[in-house]
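All remarks here apply to the structure that follows.
Chain naming here is simple, since letters A, B, ... match the order of the sequence lines and numbering starts at 1 in each. FYI, side chains are in, hydrogens and waters are out, and symmetry mates aren't considered; it's all heavy atoms of this structure.
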Amino acid sequence: MDEQPRLMHSHGVGMAGHPGLGQHMPDGTEGEGRKQDIGDILQQIMTITDQSLDEAQARKHALNCHRMKPALFNVLCEIKEKTVLSIRGAQEEEPPDPQLMRLDNMLLAEGVSGPEKGGGSAAAAAAAAAAGGAGADNSAEHSDYRAKLSQIRQIYHTELEKYEQACNEFTTHVMNLLREQSRTRPISPKEIERMVGIIHRKFSSIQMQLKQSTCEAVMILRSRFLDARRKRRNFNKQATEILNEYFYSHLSNPYPSEEAKEELAKKCSITVSQVSNWFGNKRIRYKKNIGKFQEEANMYAARTAVTAASASVCHNGS
DNA sequence: TGATATGATTTAAT
DNA sequence: ATTAAATCATATCA
């Protein structure tokens, strides 16, 4: 297997084309000859840039067709294989960056990198309804937030796609280049792989910057809107009366069913979770200090009694 | 301005 | 998933 190259090598392949190049002149003309050679080489180097692409291509082709080319190439391959062994294994590990994972998780949690949800108000409302169990759903306050979030999301995706595309383009370009070069110099698949890895790492570091700044934007948005979301506004008097009416008329079991909550929510023009919140707060606060609520309890009891009585009268009498 | 009221959120239990 | 309980953060009042 390795007989051939060595054989070729030992026969002095390098001298075949240029017998006089490395020879010492016996007399004083040595200096002259050297100067001449160097001048030639310099000249060649200087004219390289002047060569047309066709010319370069032709030269390359000529080189490829040279009868010694396969043999030379084999030698190169052999040498390469030996040296590559020492290079390889330097760094193949790629532990997932915790920082990147954190960013990814956050973007996913914020719905920036998750499945598409659209930006329309209807879609936003649907999303709010879907997430209603756990999260708050005052969608009127949220629509602005959601709009801004989807804006961020869109920018993020376009940028990400752009990077992805650029990365792919660059990779294929480099691959083509390497493929082209592999005709004149030995390139192992491992090397190509390594190169691709390097490119991907570079691009992913750019992506990381994008993710970083997106996270920042989301955080700012959150701090602005989530706090606003927390800004409390008292229910209007009518709503409170309706809720209190229900509470005190069901004082023995102040746990409205899902349907009852929905109805109350509708009547008070608040959400079901707000109704749940209200009853949760009311129950615990009532229980904690019944005395304090006695007056209120009496008032509502009286009122319901009156309405009941009047209803009864209205129904029975006259 | 401090005390209190009140809606929202968090935590833990079921 | 619903609730109690504690807690947070603001609104309102005196």
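- Annotation for A:Leu177: hydrophobic cluster partners, listed by chain and number, are none (ILVMFWY side-chain heavy atoms under 4.5 Å, direct or chained).
- Using cut-offs of 30° and 60° on the angle between ring planes, the pair A:His173 and A:Phe170 is tilted.
- In the region residues 239-257 of chain A, proximity to DNA chain C at under 4.0 angstrom, judged on heavy atoms, holds for A:Tyr255.
- Contacts between residues 279-290 of chain A and DNA chain B, defined by a heavy-atom separation under 4.0 Å, are made by A:Asn281, A:Arg285.
- Phosphate contact (OP1/OP2 of B:dA8, side-chain N/O of A:Gln274, threshold under 4.0 Å): present.
- Summarising the geometry, the separation between CZ on A:Arg232 and P on B:dA5 is reported as 12 Å, rounded to the nearest angstrom.
- Among residues at least two apart or in separate chains, there is no salt bridge (charged side-chain N to carboxylate O under 4.0 Å, His left out) pair with a member in residues 250-263 of chain A.
- In the hydrophobic clustering (ILVMFWY side chains linked at under 4.5 Å, chained through shared members), A:Tyr255 stands by itself.
- Residues that satisfy the side chain to side chain donor-acceptor pair (under 3.5 Å) test with A:Asp40, not counting sequence neighbours, are absent from this structure.
- Identified under the ring-ring contact (aromatic ring centres under 6.0 Å, His included) test for residues 175-204 of chain A, with sequence neighbours left out: none.
- Sequence neighbours left out, the pairs with a member in residues 207-217 of chain A that pass salt bridge (charged side-chain N to carboxylate O under 4.0 Å, His left out) are A:Asp104-A:Lys211.
- Considering only residues two or more places apart in sequence or on other chains, A:Lys267 meets the salt bridge (Lys or Arg N to Asp or Glu O under 4.0 Å) condition with none of them.
- In this structure, the CG atom of A:Asn277 is 11 Å from the P atom of B:dT10, given to the nearest Å.
- In this entry the distance linking CZ of A:Phe235 with C1' of C:dA11 reads 13 Å, nearest Å.
- Nucleic acid contact for A:Asn234: sugar-phosphate only, since backbone atoms but no base atoms lie under 4.0 Å from a heavy atom of the residue.
- Within the structure, the salt bridge (charged side-chain N to carboxylate O under 4.0 Å, His left out) test picks out the following pairs touching residues 268-288 of chain A (sequence neighbours left out): A:Lys282-A:Glu296.
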message: Evaluate A:Tyr248 against A:Phe293 for ring-ring contact (aromatic ring centres under 6.0 Å, His included), listing each step before the verdict.
response: CA-CA 10 Å; A:Tyr248 286 113; A:Phe293 288 91; 7.4 Å; no

Sequence neighbours left out, cut at 3.5 Å: what donor-acceptor pairs do the side chains of residues 298-306 of chain A make with other protein atoms?
| residue | atom | partner | partner atom | Å |
| --- | --- | --- | --- | --- |
| A:Asn298 | OD1 | A:Gln294 | NE2 | 3.4 |
| A:Asn298 | ND2 | A:Gln294 | O | 3.4 |
| A:Arg303 | NH1 | A:Glu241 | OE1 | 3.0 |
| A:Thr304 | OG1 | A:Tyr300 | O | 2.9 |
| A:Thr304 | OG1 | A:Ala301 | O | 2.8 |

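- Near-neighbour residues of DNA chain C inside residues 292-303 of chain A, defined by a heavy atom below 4.0 Å, are absent.
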